[in-house]
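Only one structure is covered here, and it is reproduced in the block below.
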Amino acid sequence: MKGKLVDNFIIALFTVVLMAYVLPYPGTKESHLHLDTIADIGVSVIFLFYGLQLGPEKLRAGLVNTRLHLVIHIATFILFPLIILLCKPLFATAFLAQVWLPFFFLAALPSTVSSSVVMVSIAGGNIPAAIFNASISSLLGIFVTPIWMSFFINHQTGDVGLGHVIGKLLLQVLLPVVAGLLLHKRLGTWAAQHKKRLKLFDQSVILLIVYCSFSESFYTGAFKNFSMYALALLLLMVTVLFFLVYGIITIVSNGLHFSRQDRITATFCGSKKSLVHGSVMAKVLFASSANLGLILLPLMLFHAVQLFIVSIIAGRMSRTGSNI
């Protein structure tokens with residue numbers, strides 16, 4: 001059932017991209033429907049619900065095991081960006097030079113929350129540590145991702161400064177999370193009872209953001225010279241990136257003699273990237289860009305790849321009790 005839900009969401013993602021191609025105008029900034037503003041409001045509501053479901057006790061439960069936390073966050077915020085930086089000379093053609101910044105944006109993002117915890121649970125990993133690390137990664141990303149992007153984005157896009165970006169993310173992301181945490185005692189039970197409906201709301205907002213982003217790109221002709229070969233190449237690149245990071249984390253975890261549960265948590269949480277945060281941050285970091293669809297494309301493909309591959313790995317671990 002979990003696998004089916006994952007498949008349906010991935011199908012929905014690419015369906016809204018097709019909708020944006022066929023009918024782009026409603027999702028553009030010129031449209032009177034103001035879907036972009038609705039998406040902004042939806043984002044804040046997502047993180048309010050996230051705070052309601054998180055609760056302070058879940059954060060406290062994960063405070064132990066410092067080595068595991070360090071491995072996950074170093075992989076998320078240092079290993080990923082360094083790999084893309086080191087590979088920059090390989091982005092030599094005109095097309096690859098165009099997608100290097102979207103790949104670096106993908107690399108600088110925090111880890112995803114819900115799917116990381118779900119997959120760790122299926123595989124038999126350290127669930128409290130997964131909840132803690134995925135949650136802290138989300139909060140760290142508000143600061144770390146804009147800092148990483150500030151080294152390149154101001155020069156290449158001319159967008160707003162670092163302070164403005166962090167301020168907007170604090171207002172749109174952190175403030176609702178804190179509000180949710182404060183309301184957890186009062187509404188936390190309600191949020192737990194409606195977890196599936198809240199997940200559908202989360203996914204609906206992401207789909208709306210993706211639709212608006214690609215509508216703007218199609219409407220302005222950003223993908224005019226984009227071929228199927230280019231799409232296949234991007235898919236291969238994100239797959240190689242995933243396996244490279246997953247393999248490095250596995251080697252490090254084995255070298256540090258992590259338990260099976262901690263190895264699962266390290267590899268699953270450290271090798272993932274958040275489409276939710278990526279969609280939100282792209283709207284802030286690239287607010288004046290008409291090419292937001294291209295910025296999000298590697299992240300969308302990586303999202304599909306990470307869910308597909310980790311679902312298979314988690315299922316195998318659950319059935320066999322293996323470590324790979």
Rounded to the nearest 0.5 Å, what separation is found between the [atom1] atom of [X] and the [atom2] atom of [Y]?
| X | Y | atom1 | atom2 | answer |
| --- | --- | --- | --- | --- |
| His303 | Ser279 | NE2 | OG | 9.0 Å |
| Tyr219 | Cys212 | OH | SG | 14.0 Å |
| Leu101 | Leu106 | CG | CG | 11.5 Å |
| Ile74 | Ile248 | CD1 | CD1 | 12.5 Å |
| Leu299 | Leu275 | CG | CG | 5.0 Å |
| Gln306 | Ile313 | CD | CD1 | 11.5 Å |

Would you say [X]'s side chain and [Y]'s backbone share a donor-acceptor pair under 3.5 angstrom?
| X | Y | answer |
| --- | --- | --- |
| Ser111 | Cys269 | yes |
| Thr145 | Ile142 | no |
| Thr28 | Tyr25 | yes |
| Lys272 | Thr76 | no |

Minimum-distance pair of heavy atoms, taken over all atoms of [X] and [Y]:
| X | Y | answer |
| --- | --- | --- |
| Leu33 | Ile38 | O-CD1, 4.0 Å |
| Phe218 | Val17 | CE1-O, 3.5 Å |
| Pro298 | Ile295 | CD-O, 3.7 Å |
| Ile84 | Ala107 | CG1-CB, 3.6 Å |
| Gly141 | Pro146 | O-CD, 3.4 Å |
| Met149 | Ala108 | SD-CB, 4.3 Å |

**Message:** If we check side-chain contact (heavy atoms from CB on, under 4.5 Å) with Asn65, which of these qualifies: Asp262, Leu70, Thr265?
**Reply:**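 By the side-chain contact (heavy atoms from CB on, under 4.5 Å) criterion, Asn65 pairs with just one of Asp262, Leu70, Thr265: Asp262.
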Find out if a path of hydrophobic residues (ILVMFWY) with successive side-chain heavy-atom gaps under 4.5 Å connects [X] to [Y].
| X | Y | value |
| --- | --- | --- |
| Met237 | Leu82 | yes |
| Phe80 | Leu90 | no |
| Ile78 | Ile83 | yes |
| Tyr229 | Leu294 | yes |
| Met300 | Met228 | yes |

Specify whether [X] and [Y] have parallel, tilted or perpendicular ring planes, treating 30° as the upper limit for parallel and 60° as the lower limit for perpendicular.
| X | Y | value |
| --- | --- | --- |
| His73 | Phe77 | parallel |
| His34 | His32 | perpendicular |
| Trp190 | Phe49 | tilted |

**Asked** For Tyr21, does the OH atom have more than 12 heavy-atom neighbours from other residues, nucleotides or ligands under 6.0 Å away?
**Response**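 No, the 6.0 Å shell around OH holds no more than 12 heavy atoms from other groups.
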**Item:** For Phe105, ring pair (Phe, Tyr, Trp, His ring centres under 6.0 Å) partners two or more places apart
**Value:**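 Phe105: ring pair (Phe, Tyr, Trp, His ring centres under 6.0 Å) contacts with Phe286.
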**Request:** Return the set of residues passing ring pair (Phe, Tyr, Trp, His ring centres under 6.0 Å) with Phe242 (not counting sequence neighbours), or none when no residue passes.
**Result:** Tyr246
**Asked** In the hydrophobic clustering (ILVMFWY, side-chain contacts below 4.5 Å, transitive), which residues join Leu236, or is it alone?
**Response**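 ILVMFWY cluster around Leu236 also holds Val240.
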